[in-house]
Novice: 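Take this structure first; my questions come after.
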Amino acid sequence: MAAQVFNTMPFSLLYHKYMIPVSNEVTSMVLSYVEEKTNGRPLDMALDVGCGTGRYTLPLAPHFKKVLGIDICDSQINVAKRYNTANNVSYMVASAERLPVENNSVDLVSSGLAAHFFTIDKFVNESVRVLKTNGCLAAHGYHPSSEIEYRDLSHGLNTVMSEMWDTLCQQAYTTGLSEAADHMLNQYHTIYETIDLKDKKWIKDIPVKYQMSISEIFGFARSLCTCQILLEKNEKEAKQLLAQTDKR
């Protein structure tokens, strides 16, 4: 169901514009971990799996000779190519369970905001196959909750928004996305446990702050696949939810 939603050009453009901004904190953590494990050797290649529109692919470009972003959805890849600003970054359609690169050829396999949709054991096995000795695998997502801070209105704003988030999250459990939702709610701990590697870290509760307007917050809501699923399933209910929340 999620793949069908993501594989439309209007949604891919919406996703590219409004999905929460790239976390510099998380990107720095990943790069520091790679540098530590590779002992400062030149980094040849990074593979961004489930790259979407390339939002987490491009920040890797200055640190690797070559970066390849892959996604199962044509429209996501088409948008990524449209907004590609780095000469050493390329994109192609491919699945997380069958990585299109050779054995022992990659320094970093990265997946930002996507691993909860993968068949994890196959993705991990493929990652181990393509990684060089001391290569790194990094998967990160976000917890589907947030707090709004604005003057003395924070409590009221959070009450209003939490009701909308709860409604959108419920869509995951009625449309076959319950496993993906569970991965996000437990902060990828299940995914972490599945990775059968001795040297690994699970980092949770990473605080990230963004300055966003109300219109950007609603754009973010509409960039969630659960919101798009609700719009397709019951357009009237979805638009009413967004309109009522906006008014409040």
Side-chain angles (χ1 to χ4, degrees), residues 2-3 5-34 43 45-64 66-96 99 106-118 123 127 136-144 146 168 180 183-184 187-188 191 203 206-213 215-228:
V5 172
F6 279 104
N7 207 15
T8 64
M9 184 56 72
F11 179 74
S12 292
L13 290 168
L14 182 73
Y15 179 91
H16 184 77
K17 183 176 181 179
Y18 286 116
M19 179 49 64
I20 54 173
V22 169
S23 167
N24 294 326
E25 294 89 343
V26 172
T27 300
S28 295
M29 282 185 182
V30 171
L31 292 171
S32 294
Y33 189 78
V34 173
L43 300 174
M45 183 175 182
L47 178 64
D48 187 16
V49 184
C51 67
T53 60
R55 297 166 68 261
Y56 270 99
T57 316
L58 289 174
L60 299 175
H63 307 278
F64 296 84
K66 180 169 65 174
V67 181
L68 173 64
I70 67 167
D71 198 280
I72 196 66
C73 298
D74 296 275
S75 65
Q76 296 283 85
I77 290 297
N78 288 335
V79 173
K81 290 179 177 179
R82 180 185 300 186
Y83 290 99
N84 187 10
T85 56
N87 293 329
N88 63 332
V89 172
S90 59
Y91 297 98
M92 67 182 295
V93 175
S95 76
L99 302 180
V106 176
D107 297 289
L108 169 67
V109 174
S110 180
S111 177
L113 315 187
H116 45 279
F117 292 122
F118 301 164
F123 166 60
S127 297
C136 298
L137 165 63
H140 59 91
Y142 64 89
H143 194 276
S146 60
L168 294 179
H183 285 320
M184 296 179 72
Q187 300 194 58
Y188 277 22
I191 295 175
I203 305 173
I206 303 168
V208 178
K209 287 190 175 184
Y210 304 109
Q211 188 172 43
M212 301 174 73
S213 66
S215 63
E216 288 172 330
I217 291 173
F218 276 94
F220 168 53
R222 288 188 289 115
S223 74
L224 299 172
C225 67
T226 50
C227 185
Q228 291 301 307

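Being a predicted model, the structure only gives us computed values, none of them experimental. Numbers here simply count residues along the sequence, with the first being 1.
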Novice: Output the distance between atom CD1 (I191) and atom CZ (F118), rounded to the nearest 0.5 Å.
Specialist: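 One gets 8.5 Å once the value is rounded to the nearest 0.5 Å.
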Novice: Rounded to the nearest 0.5 Å, what's the gap from NE2 on H63 to CG on L43? Could you check?
Specialist: 9.5 Å
Novice: Ring pair (Phe, Tyr, Trp, His ring centres under 6.0 Å) with H16: which residues, sequence neighbours excluded?
Specialist: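 Testing H16 for ring pair (Phe, Tyr, Trp, His ring centres under 6.0 Å), a comparison that skips the adjacent residues, returns Y83.
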Novice: Within the structure provided, determine whether M45 and L68 are in side-chain contact (heavy-atom separation under 4.5 Å).
Specialist: yes
Novice: Find the distance between CG (L47) and OG (S110) and round it off to the nearest 0.5 Å.
Specialist: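 One gets 9.0 Å once the value is rounded to the nearest 0.5 Å.
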Novice: Any non-hydrogen side-chain atom of F123 less than 4.5 Å from a side-chain atom of V109?
Specialist: yes
Novice: Using the test salt bridge (charged side-chain N to carboxylate O under 4.0 Å, His left out), find all partners of D107 that sit at least two apart in sequence or belong to another chain.
Specialist: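 Salt bridge (charged side-chain N to carboxylate O under 4.0 Å, His left out) list for D107, sorted by chain: R41, K132.
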Novice: Given 3.5 Å as the limit, does a donor-acceptor pair link the side chain of E216 with the main chain of S213, or not?
Specialist: yes
Novice: Are the side chains of V49 and L99 in touch, meaning some heavy atoms are under 4.5 Å apart?
Specialist: yes
Novice: Regarding T53 and Q76, is there a side-chain donor-to-acceptor distance under 3.5 Å anywhere?
Specialist: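 Checked: T53/Q76 side chains show no N/O donor-acceptor pair below 3.5 Å.
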Novice: With a 4.5 Å limit on heavy-atom distance, are the side chains of L13 and V79 in contact?
Specialist: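 L13 reaches V79 side chain to side chain.
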Novice: Who pairs with F220 by ring pair (Phe, Tyr, Trp, His ring centres under 6.0 Å), at least two apart in sequence or on another chain?
Specialist: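 Ring pair (Phe, Tyr, Trp, His ring centres under 6.0 Å) list for F220, sorted by chain: W165.
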Novice: Are D74 and F6 close enough that some pair of their side-chain heavy atoms sits under 4.5 Å apart?
Specialist: no
Novice: Using every non-hydrogen atom in the two residues, find where C51 and T57 come nearest and quote the distance to one decimal.
Specialist: CB-OG1, 3.4 Å
Novice: Would you find a donor on one side and an acceptor on the other, under 3.5 Å apart, between the side chain of S223 and the backbone of Y15?
Specialist: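 Absent.
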Novice: Could you report the tightest heavy-atom contact between L137 and S127, atom names first, then the distance?
Specialist: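 For L137 and S127, the tightest heavy-atom pair comes out as CD1-OG, 3.9 Å.
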Novice: Starting at CD1 of I72, measure out to OG of S95 and round the result to the nearest 0.5 Å.
Specialist: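 The CD1 atom of I72 sits 5.0 Å away from the OG atom of S95.
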Novice: List the atom of V22, the atom of P59, and the distance in Å for their closest heavy-atom pair.
Specialist: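 Looks like CG1-CG, 4.2 Å.
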Novice: Can you name the closest pair of heavy atoms from P21 and Y210 and give their distance?
Specialist: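 Where P21 meets Y210 most closely, the heavy atoms are O-OH, 2.9 Å.
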Novice: Using side chain to side chain contact (heavy atoms under 4.5 Å, CB included) as the criterion, list what pairs up with L58, not counting sequence neighbours.
Specialist: N84, T85, A86, V89, Y91
Novice: To the closest 0.5 Å, what do you measure between CE (M184) and CG (L113)?
Specialist: 7.5 Å
Novice: Once ring pair (Phe, Tyr, Trp, His ring centres under 6.0 Å) is applied, do any residues pair with F218, and if so which ones, sequence neighbours excluded?
Specialist: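 With sequence neighbours excluded, F218 shows a ring pair (Phe, Tyr, Trp, His ring centres under 6.0 Å) to no residue whatsoever.
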Novice: Name all residues meeting the ring pair (Phe, Tyr, Trp, His ring centres under 6.0 Å) criterion together with Y18; count only those two or more places apart in sequence or in a different chain, and write none if there are none.
Specialist: none
Novice: Could you tell me which non-hydrogen atom of A80 sits nearest to which non-hydrogen atom of G54, and how far apart they are?
Specialist: CB-N, 3.9 Å
Novice: For M19 and R55, work out which heavy atoms get closest and say how close.
Specialist: O-NH2, 2.9 Å
Novice: Ring centres under 6.0 Å, that's the criterion: do H140 and Y56 meet it?
Specialist: yes
Novice: Calculate, to the nearest 0.5 Å, the distance between atoms CG and CD1 belonging to D71 and I77 respectively.
Specialist: 5.0 Å
Novice: For I70 and D48, what are the C-alpha separation, side-chain angles and deciding distance, and is it a side-chain contact (heavy atoms from CB on, under 4.5 Å)?
Specialist: CA-CA 6 Å; I70 67 167; D48 187 16; over 6 Å; no
